[in-house]
Amino acid sequence: MTWFAERVLAWHDGHGRRDLPWQKQQTPYRVWVSEIMLQQTQVEVVRPYFERFIARFPNLASLAAADREDVLRLWAGLGYYARARNLHSAARQARHGLPDTLAGLVALPGVGRSTAGAILAIAHGHRAAILDGNVKRALARFHGVSGRPGERAVEQTLWAHADAHTPSERPGDYAQAIMDFGATLCRRANPACSICPVAARCVARAAGRQAELPTPKRAKPLRERRTRAFLLIDPDGACFLERRPDDSIWGGLWSPPERPLDTDVAAFAAKWNIDVERALSPPTARHVFTHYRLLVTPHCLWVRERPAGAPTGDGYVWHRPEDGRKLALSALAANLLAGLDGGFALE
DNA sequence: TATTCGTGGTC
DNA sequence: TGACCAAGAAT
C-alpha cells in the first residue's frame with residue numbers, strides 16, 4: 001500500500017464519516033443507488049433522498065417493478081433527472097442482478113468508469129479505482145498535477161495516480177476514505193492543511209500552490225434563452241402542468257407548459273380549455289379537471305445566468321422585466337396557487 | 001473536446 | 001451577493 005493510501009485510510013478510520021446511511025448495509029443495490037445520487041451532489045443533500053428512496057424501493061426487484069413516474073417523484077428536487085431515468089432503466093436491464101465487472105457496470109445507463117469503480121470497490125471488495133471531483137483535487141495537489149481536468153493528458157495522469165494508490169486491502173474503505181478526505185479536508189477553498197495526514201509529502205503544500213490546483217476551468221460568456229410559460233389556473237387554484245420531454249431540462253417532470261415567445265396565446269388557450277390534467281402538488285401529481293383561466297407570463301425571460309463550465313450555477317430563473325424580480329420556475333406554480341402577484345414571490 | 005443537465009452549499 | 005462548483009455521465 002502506498003504511503004498516501006495508508007495515511008488517508010488511517011485518517012478515515014479515526015476521523016472520517018463512517019456512519020452515512022449507504023455505509024450501513026453495503027449491498028450492490030444500495031451502493032449503486034447511493035453512488036448515482038452522489039454524482040455532483042453533496043452528502044448532506046443526498047441523505048434524506050436516499051433514505052426515502054430505499055424505504056420505497058428496498059431492492060433491485062422493487063425498483064425494476066416500479067413506474068417511472070414514481071421513481072421521478074422521489075427524485076424531484078434532487079436535480080439531474082436523467083440519473084433517475086437511467087437508474088430505473090438500468091434496474092430493468094439488470095432485473096436479475098447487477099453486474100460485478102467493470103465492463104458490465106459501465107454498460108448500464110448512468111454508470112461511468114468512476115461510479116463503476118466505486119461499486120466494485122465498496123460493494124464487492126475489488127481493487128478498483130475511482131476518480132471523482134474530490135479525488136481529482138486531492139491527487140492534483142498531492143502530486144502537483146497542473147492543467148485542467150478535462151484535458152486528456154491530465155485525466156490520464158490522474159487516473160494513473162488514482163489506480164496506483166488504490167490498495168488491494170480494504171479497497172472499499174479506501175474509496176470512501178479518499179472521497180471523504182477530499183470533501184472535508186482537501187476542500188476546494190480553505191483546505192485544512194494543518195491537520196492533513198499527507199501534508200508532509202504534498203507537492204502543492206510544499207510549493208504553496210494549494211489554491212492554484214487543480215487548474216480551474218476557463219470562464220465562459222453567459223448565455224440566454226427566452227421562452228414563455230403558460231400558467232393555466234382552475235377555479236380551485238390548481239395549475240395545469242405537462243410532462244416535459246426526457247431530453248430537456250427537468251426531463252420527465254411536470255411543469256407549466258413552456259413555449260416560444262411567438263406562440264399564439266389564443267390558440268394555445270383554445271387547445272387546452274377542455275378536459276385536461278391538473279396538478280394539486282406541482283410538479284408531479286396529476287388530476288383531471290375542466291375549466292382554466294390562462295395566465296401568460298409577461299415577457300418572461302428564461303435566462304441561463306451560469307457561465308458554461310460551472311454547471312447551472314444560478315440556475316433557471318424567471319425574470320420580470322418591470323422590476324427585475326425573479327423566481328425559480330419550480331416555485332412559480334406554487335406561488336400562483338398561493339395567490340401571489342403573477343406567480344412572482346413578493347417581499 | 002465542449003456542452004448539457006439542477007439544486008443547494010460556500011465564500 | 002454573485003460566482004463557483006459539488007461522491008459525473010451522456011452526447
Side-chain angles (χ1 to χ4, degrees), chain A residues 16-17 20-23 31-50 72 75-87 89-90 105-119 121-122 129-138 147-155 158 162 172 174-184 186-191 211 214 216-223 225 244-253 255 283 304-317 326 328-331:
Chain A
R17 292 179 289 190
L20 299 172
W22 44 89
Q23 294 174 328
V31 171
W32 171 52
V33 171
S34 71
E35 287 302 326
I36 299 299
M37 284 189 172
L38 286 162
Q39 289 170 0
Q40 297 289 288
T41 311
Q42 296 182 4
V43 163
E44 292 310 319
V45 177
V46 166
R47 191 194 292 266
Y49 283 88
F50 179 81
L72 278 169
W75 209 276
L78 193 55
Y80 286 135
Y81 301 101
R83 296 184 297 177
R85 302 194 302 270
N86 287 334
L87 192 73
S89 172
L105 284 167
V106 169
L108 294 176
V111 179
R113 181 174 172 185
S114 186
T115 298
I119 296 171
I122 297 169
I130 59 168
L131 189 64
D132 69 344
N134 291 313
V135 181
K136 287 179 184 177
R137 185 171 57 253
R148 289 177 294 106
E151 290 176 18
R152 180 183 300 277
V154 175
E155 206 76 6
L158 292 175
Y174 172 75
Q176 307 204 63
I178 181 66
M179 286 190 283
D180 200 34
F181 169 73
T184 63
C186 198
R187 301 179 294 253
R188 183 178 63 86
N190 299 322
K217 300 169 192 167
R218 285 191 293 260
K220 289 180 184 167
L222 304 181
R223 292 190 170 195
R225 292 181 191 169
R244 304 180 64 91
D246 281 355
D247 60 356
S248 70
I249 188 167
W250 304 312
L253 295 184
S255 79
R304 304 212 57 170
E305 290 190 316
R306 79 173 180 86
T312 51
D314 290 322
Y316 297 82
V317 179
K326 59 186 180 181
L329 180 57
S330 57

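Just so you know, these numbers come straight off a predicted model, no measurement behind them. A note on names: the letters A, B, ... follow the listed sequences, proteins ahead of strands, and every chain is numbered from 1.
- As judged by a 4.0 angstrom heavy-atom cut-off over every strand, G182(A) is placed among residues making no nucleic acid contact.
- Of the listed nucleotides (dA2(B), dT1(B), dG8(B)), dG8(B) has the atom at the smallest distance from the side chain of V45(A).
- In this structure, A183(A) reaches the sugar-phosphate backbone alone: every heavy-atom distance under 4.0 Å involves primed, P, OP1 or OP2 atoms, never a base.
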- Query: Can you check salt bridge (charged side-chain N to carboxylate O under 4.0 Å, His left out) on R47(A) and E44(A), steps first, answer last?
  - Reply: CA-CA 5 Å; R47(A) 191 194 292 266; E44(A) 292 310 319; 3.0 Å; yes
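- Taking side-chain N and O atoms only, R137(A) has a distance below 4.0 Å to OP1 or OP2 of dA7(C).
- Annotation: salt bridge (Lys or Arg N to Asp or Glu O under 4.0 Å) contacts involving residues 106-116 of chain A, sequence neighbours excluded, are absent.
- Map V111(A) and R17(A) each onto its nearest nucleotide of DNA chain C; the residue landing nearer the 5' end is R17(A).
- Computed from coordinates, the Y49(A) OH to dA6(C) C1' distance equals 15 Å when rounded to whole Å.
- Proximity note for L20(A) (side chain, C-beta onward) versus dG8(C), dG8(B), dA7(C): the nearest is dA7(C).
- The nucleotide whose nearest atom lies closest to any side-chain atom of Y80(A) is, among dC4(C), dG8(C), dA7(C), dG8(C).
- Nucleic acid contact for W22(A): base, since at least one base atom lies under 4.0 Å from a heavy atom of the residue.
- Side-chain N/O atoms of Y81(A) include one lying less than 4.0 angstrom from OP1 or OP2 on dT7(B).
- Going from atom CD of Q40(A) over to atom C1' of dG9(B) covers 14 Å, rounded to whole Å.
- Residue V46(A) is classed as having no contact, given no heavy-atom separation below 4.0 Å to the nucleic acid.
- Nucleotides dT4(B) and dA7(C) are separated by 23 Å at their P atoms, to the nearest Å.
- Put simply, the side chain of T41(A) does not reach to within 4.5 Å of the side chain of Y49(A), judged on heavy atoms.
- For L131(A) and dA6(C), the CG to C1' distance is 14 Å, given to the nearest whole Å.
- For the pair A189(A) and D247(A), nearest-nucleotide mapping onto DNA chain B gives the more 5' position to D247(A).
- Annotation: side chain of I122(A) is not in contact with side chain of W22(A) (no heavy-atom distance under 4.5 Å).
- The CG-P distance, from N86(A) to dA10(C), rounds to 6 Å in whole Å.
- If you find the closest nucleotide of DNA chain C to Q42(A) and to V106(A), the one lying nearer the 5' end belongs to Q42(A).
- Taking atom CD of residue E35(A) and atom C1' of nucleotide dA6(C), one finds them 14 Å apart after rounding to whole Å.
- Among the atoms of the strands shown, none is found under 4.0 Å from any heavy atom of R85(A).
- In this structure, CD1 of I36(A) is placed 8 Å from P of dA10(C), rounded to the nearest angstrom.
- With distances taken from any side-chain atom of Q39(A) to the nucleotides dC11(B), dA9(C), dA2(B), the minimum falls on dA9(C).
- Taking atom CG on L158(A) and atom P on dG8(C), their separation rounds to 14 Å, with Å as the unit.
- Rounded to whole Å, the separation between the C1' atoms of dG6(B) and dC5(C) comes to 12 Å.
- L108(A) comes within 4.0 angstrom of the backbone, heavy atoms only, and of no base.
- Nucleotides dG8(B) and dT1(C) have their C1' atoms positioned 15 Å apart, rounded to a whole Å.
- Judged purely by distance below 3.5 Å, without hydrogens or angles, the side chains of R137(A) and N134(A) pair a donor atom with an acceptor atom.
- Rounding to the nearest 0.5 Å places CZ of R17(A) at 10.0 Å from CE of M179(A).
- Rounded to an integer number of Å, the gap from NZ of K136(A) to P of dG8(C) is 8 Å.
- Looking at residues two or more places apart in sequence or on another chain, you find no side chain to side chain donor-acceptor pair (under 3.5 Å) involving S114(A).
- When heavy atoms are screened at a 4.0 angstrom cut-off, T41(A) is found touching base atoms of the nucleic acid.
- Note on R83(A): nothing from the nucleic acid sits closer than 4.0 angstrom, heavy atoms only.
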